[in-house]
Amino acid sequence: MDSNSSLFLLKHLQRLNLASNNFFPSRISPAFGRLSNLKQLNLSYSGFSGEVPTEIAHLSKLTSLDLSLSDATKGGALEMPCFKAVVSNLTELRELHLDYVSINSVVPRSLANLSSLTSLRLTQTNLLGNWPVDILNSPNLTTVSLSGSQLFGELPSSVNISMLSKLTDFEVGDNNLSGEIPSWLFALPSLRSLGLYENQFTSVSEFVVNSTSLLDFRLDYNRIQAIPNSVFDLLYLEAFTLSNNNLSSTIELSVFSRLKNLRIFDLSYSGLSLTTTISDANSTSSWPSFTYLGLSSCNISEFPDFLRSQENLAVLKLANNKLRGEIPRWLQDFGTETLGLLDLSHNLLTGSLKQLPWKNLVQLDLGSNMFKGPLPIPPPSMTYFTVSNNRFSGEIPASFCNLTLLALLDLSNNSLVGEIPDCFALLISSNLSVMDLRLNQFQGSIPSIFLGCNSYFMTLSLSDNQLEGALPESLAVCPRLEVIDLGNNKLNDTFPFLLGALPNLQVLILRSNNFHGPIEMKFDGPALAISNGSSRFSKLRILDLSNNIFSGALPNDLGNLTSMVNLSLPKGWPYMGLAYYADSILQTVKGVNRKMEEILDSLTIIDVSKNRLEGPIPESVGDLASLRWLNLSHNSLTSHIPLALGKLKVLESLDLSSNQLVGQIPQELVNLNYLEVFNVSENQLVGSIPNSKQFGSFDNSSYLGNPGLCGLPLSRKCGEDEAPPTPQLPAQDHPPSADMQEWEIVLMGYGCGLVIGLVVGCYMFSAWTPLWLLNIIIRLRLYLTQAFWKHCRRHQWQTN
């Protein structure tokens with residue numbers, strides 16, 4: 001928005017609302033400071049970005065200021081270094097809404113001086129420091145939302161309740177608050193919503209219910225160890241979430257049936273063991289009518305009978321329990337029109353599901369059970385479909401190609417056969433983000449289904465099948481693709497350098513195939529799909545090419561893998577994947593395959609083991625300062641171990657075994673303080689093993705097959721004589737030295753044998769052989785004997 005806009009000439013303007021527009025990427029103009037009579041300014045959800053100008057703090061008559069964003073990751077991103085000035089100067093504020101504006105400041109004391117404040121919304125603003133107790137002294141407060149900050153400490157044990165008689169919403173979730181939840185919160189007469197989720201609270205004090213207003217109580221993701229009995233007196237609760245806590249008791253599920261108004265109820269992963277036996281034959285009708293019910297990991301062994309009466313249920317989570325046998329018929333008859341999410345994963349359920357009865361199902365997770373038979377056909381509304389780790393068989397039905405709303409398709413670890421359908425191009429061009437078909441028996445080539453790739457497609461996992469042929473070039477046009485896992489197939493191709501054009505590719509796994517030829521990453525090649533000017537393979541941080549038949553030298557320009565040089569870690573969740581899916585990979589450490597169920601954003605790996613690579617290890621590997629695992633084993637690499645490897649300060653695993661490396665182990669490697677795995681066995685290394693605390697932790701197996709190495713942990717001490725004591729020959733003659741060539745030793749053996757043969761021959765033939773022939777043999781014997789001892793004198797034994 002231009003500062004010369006005629007808008008800023010309206011000096012008498014008192015109310016300005018520009019909310020829900022699209023000014024991206026405009027900045028908030030300092031010219032707003034000219035509107036000195038403004039009382040209400042609303043610029044929320046309008047895509048403004050950059051810093052909030054200090055001139056906003058000059059609008060001293062403001063009673064309402066709203067600069068909120070819907071989400072800091074969408075549209076503009078606002079920063080507010082002038083927050084302290086705003087709070088200090090705008091003393092007449094009644095409403096201050098700055099959700100998702102980056103403040104990054106300690107809570108100023110002057111915030112307590114806003115005595116007229118009724119609504120304070122500072123969600124996800126990165127406020128820092130101790131919990132601001134003084135803000136609870138504002139008598140007109142109705143709303144306090146400080147969720148998603150970095151506040152710590154404890155809530156006050158007591159307050160003046162009369163000062164908070166108007167408070168209706170108290171949201172302090174997603175902080176680091178700890179201690180006991182005080183009883184005064186439940187005595188506030190007008191409180192409707194209490195959000196204490198995602199903190200470190202350990203207990204809830206017993207309280208007396210003085211109000212019937214509390215409707216929403218969220219306590220999930222804390223460390224609560226017991227449920228106070230007074231909770232069951234909150235008879236008007238409509239939402240109660242206690243998931244992911246540290247409860248360790250057994251409780252009858254029916255005690256919660258007292259809370260007749262509950263609609264949202266979640267005890268998942270709370271630590272509770274629930275008993276579902278209900279004595280009252282008519283109990284199903286006495287239960288609340290749930291729309292959301294979470295009972296995952298509650299030690300339930302049978303489907304709760306009260307589910308029969310749940311006609312409005314939209315979400316049902318029963319994962320990670322002890323449910324066994326087939327899904328009962330009555331369960332398939334309820335919620336056919338209303339159920340949108342069903343999670344029955346990680347149980348012991350069996351049988352087949354030819355048709356899913358829930359017509360409006362959006363998310364289904366049947367993973368980690370024992371279902372068998374053909375794949376169930378999802379309804380067209382399906383967006384998340386997960387049936388991994390079961391026994392489903394047969395081919396993928398053609399009707400799957402009509403599921404154009406699908407974002408996640410996980411069919412991994414079953415017994416599915418046939419070819420990957422060509423019509424999957426419709427899914428990839430629509431909304432698909434993840435396609436996981438690992439650990440099946442799919443055959444044929446990977447179809448060219450990526451030409452119309454959408455901007456959401458992030459993960460392609462086809463490992464552990466029987467796929468063959470070359471990779472489709474269309475794979476290089478998926479701009480959002482982060483993970484490509486094609487390991488353990490029969491693919492036959494050269495290194496797919498075209499994938500370097502993918503601007504977001506982080507994980508490339510081609511292990512255990514028939515890829516061949518040189519590893520040509522072509523960092524200086526054309527950037528086909530790159531639009532932001534970044535280099536090829538710019539975000540690659542996990543590269544696994546092991547167990548193929550790549551040949552030639554390692555690329556000299558590995559230092560161009562910029563994400564391994566300086567890895568930039570995203571904020572928030574530290575793993576790759578989506579809310580309902582975690583990317584995983586298989587890696588080999590010390591010859592043992594190890595599955596990583598989740599991929600840390602900080603993990604960086606290069607594994608080119610078990611190929612036919614030769615030549616030296618490039619010095620540029622030392623530039624990969626963020627590298628954590630490096631495996632070059634089982635190749636034909638030569639020359640010395642580069643000193644530059646000592647610069648890999650965060651390296652945790654280094655495997656150079658089974659190569660033809662020579663020279664000494666560089667002393668510079670003692671600087672690798674995080675090294676946990678080290679293997680240089682089966683090479684031609686010599687000299688002493690570096691002496692450090694880190695190297696002292698590796699056993700003999702790390703160094704075997706290098707006869708020239710000495711020092712701990714090997715039994716051979718450096719400086720010891722290898723030669724065993726040998727009887728002395730006559731003074732003028734000495735046996736050959738250890739540095740004699742192999743051909744010389746063979747010749748000596750051949751000569752000795754010939755001499756002995758001639759001697760025996762002379763004896764045998766002397767009785768009848770002609771004299772002239774006997775003289776020739778004697779002279780030949782004398783000549784060979786003299787030549788042998790002259791050779792021995794040139795190669796004397798080394799003496800002490």
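- Shown here for S633 and N659, the closest heavy-atom pair between the two residues is CA-ND2, 3.8 Å.
- Atom-to-atom distance recorded for N104:CG and N126:CG is 4.5 Å, nearest 0.5 angstrom.
- Using a cut-off of 4.0 Å between Lys/Arg side-chain N and Asp/Glu carboxylate O, D485 and R511 are scored as not salt-bridged.
- The closest side-chain donor-acceptor pair between N389 and N413 falls under 3.5 angstrom.
- Remark: N489 pairs with no residue by the side chain to side chain donor-acceptor pair (under 3.5 Å) rule, at least two apart or across chains.
- Contact between S681 and N679 at its shortest, heavy atoms only, is OG-OD1, 2.8 Å.
- Heavy-atom contacts from other residues, nucleotides or ligands closer than 6.0 Å to CD of E473 number 12 or fewer.
- Within the 4.5 Å cutoff, the side chain of L661 has heavy atoms near those of the L637 side chain.
- Atom CE in M521 sits 4.5 Å away from atom CZ in F537 (nearest 0.5 Å).
- From S445, atom OG reaches atom CG of N492 across 12.5 Å, with rounding to the nearest 0.5 Å.
- Checking T604 against R628 by side-chain atom types alone, no donor-acceptor pair falls below 3.5 Å.
- Between the side chain of N548 and the backbone N or O of N611 there is no donor-acceptor pair closer than 3.5 Å.
- With a 4.5 Å cut-off on side-chain heavy atoms, L416 and F442 count as touching.
- In this structure, the side chains of L709 and I665 come closer than 4.5 Å at one or more pairs of heavy atoms.
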**Request:** Determine, step by step, whether R480 and E482 satisfy the salt bridge (Lys or Arg N to Asp or Glu O under 4.0 Å) criterion, reporting the C-alpha distance in whole Å, the side-chain angles of both residues, the deciding distance to 0.1 Å, and the verdict.
**Result:** CA-CA 6 Å; R480 190 68 179 84; E482 296 181 357; 2.3 Å; yes
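- Nearest approach of G711 to I689, heavy atoms of both residues: O-CD1, 3.8 Å.
- For R541 (side chain) and S626 (main-chain N/O), no donor-acceptor pair under 3.5 Å exists by modelled atom type.
- Taking 4.5 Å as the limit, every side-chain heavy atom of V662 sits out of range of all side-chain heavy atoms of N683.
- A donor-acceptor pair under 3.5 Å is absent between the side-chain atoms of N671 and the main chain of G646, judged by distance alone.
- A distance-only check finds no donor-acceptor pair linking the side chain of S702 to the backbone of F698 [under 3.5 Å].
- For the pair I542/L603, a side-chain contact is recorded, criterion being any heavy-atom separation below 4.5 Å from C-beta on.
- The heavy-atom pair separating D655 from S657 by the smallest distance is OD1-OG, 2.7 Å.
- Minimum interatomic distance between L554 and L613 (heavy atoms only, all atoms of both residues): CD2-CD1, 3.8 Å.
- Applying the side chain to side chain donor-acceptor pair (under 3.5 Å) test to S512 and every residue at least two apart in sequence or in another chain returns N488, N547.
- Under the 3.5 Å distance criterion, the side-chain polar atoms of N566 are left unmatched by any main-chain donor or acceptor of S563.
- Enclosure of atom CG in N176 by more than 12 non-hydrogen atoms of other residues, nucleotides or ligands within 6.0 angstrom is indicated.
- Counting heavy atoms from C-beta outward, H516 and F495 have side chains that stay 4.5 Å or more apart.
- Between F678 and F695, the distance from one ring center to the other falls under 6.0 angstrom.
- A distance-only check finds a donor-acceptor pair linking the side chain of D699 to the backbone of S701 [under 3.5 Å].
- The shortest side-chain heavy-atom distance between L491 and L467 falls under the 4.5 Å cut-off.
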**Item:** L656 and I617: CA distance, side-chain angles, deciding distance, side-chain contact (heavy atoms from CB on, under 4.5 Å) verdict
**Value:** CA-CA 10 Å; L656 306 177; I617 300 173; 4.1 Å; yes
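- Without hydrogens or angle criteria, T562 side chain to S538 main chain gives a donor-acceptor distance under 3.5 Å.
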**Worked check of side-chain contact (heavy atoms from CB on, under 4.5 Å) between V677 and W629** = CA-CA 9 Å; V677 176; W629 291 12; over 6 Å; no
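- Between D436 and T459, the closest side-chain pair of non-hydrogen atoms is not below 4.5 Å.
- The shortest non-hydrogen separation linking D607 to S609 is OD1-OG, 2.7 Å.
- Atoms CG and CG, on L627 and L543 in that order, are 10.5 Å from each other to the nearest 0.5 Å.
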**Asked** Given L462 and I446, is the side-chain contact (heavy atoms from CB on, under 4.5 Å) satisfied, shown in steps?
**Response** CA-CA 9 Å; L462 304 177; I446 301 175; 4.0 Å; yes
**Message:** Apply side-chain contact (heavy atoms from CB on, under 4.5 Å) to residues L486 and L471 and explain how you reach the verdict.
**Reply:** CA-CA 10 Å; L486 307 176; L471 300 187; 3.4 Å; yes
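- Distance alone, capped at 3.5 Å, places no donor-acceptor pair between the N706 side chain and the G708 backbone.
- Summarising the geometry, atom CD belonging to E520 is positioned 8.0 Å from atom OG1 belonging to T494; distances are rounded to the nearest 0.5 Å.
- N440 places a side-chain N or O within donor-acceptor distance of the main-chain N or O of L411, the cut-off being under 3.5 Å.
- Of the possible donor and acceptor atoms, none in the side chain of D623 sits under 3.5 Å from a partner among the backbone N and O of N560.
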**Request:** Under the salt bridge (Lys or Arg N to Asp or Glu O under 4.0 Å) rule, what do D464 and R438 come out as? Steps first, then yes or no, please.
**Result:** CA-CA 6 Å; D464 296 278; R438 287 175 295 175; over 6 Å; no
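- Between the side chains of S474 and S448, at least one donor N or O lies within less than 3.5 Å of an accepting N or O.
- Taking CG of L651 as the start and CG of L630 as the end, the distance is 6.5 Å to the nearest 0.5 Å.
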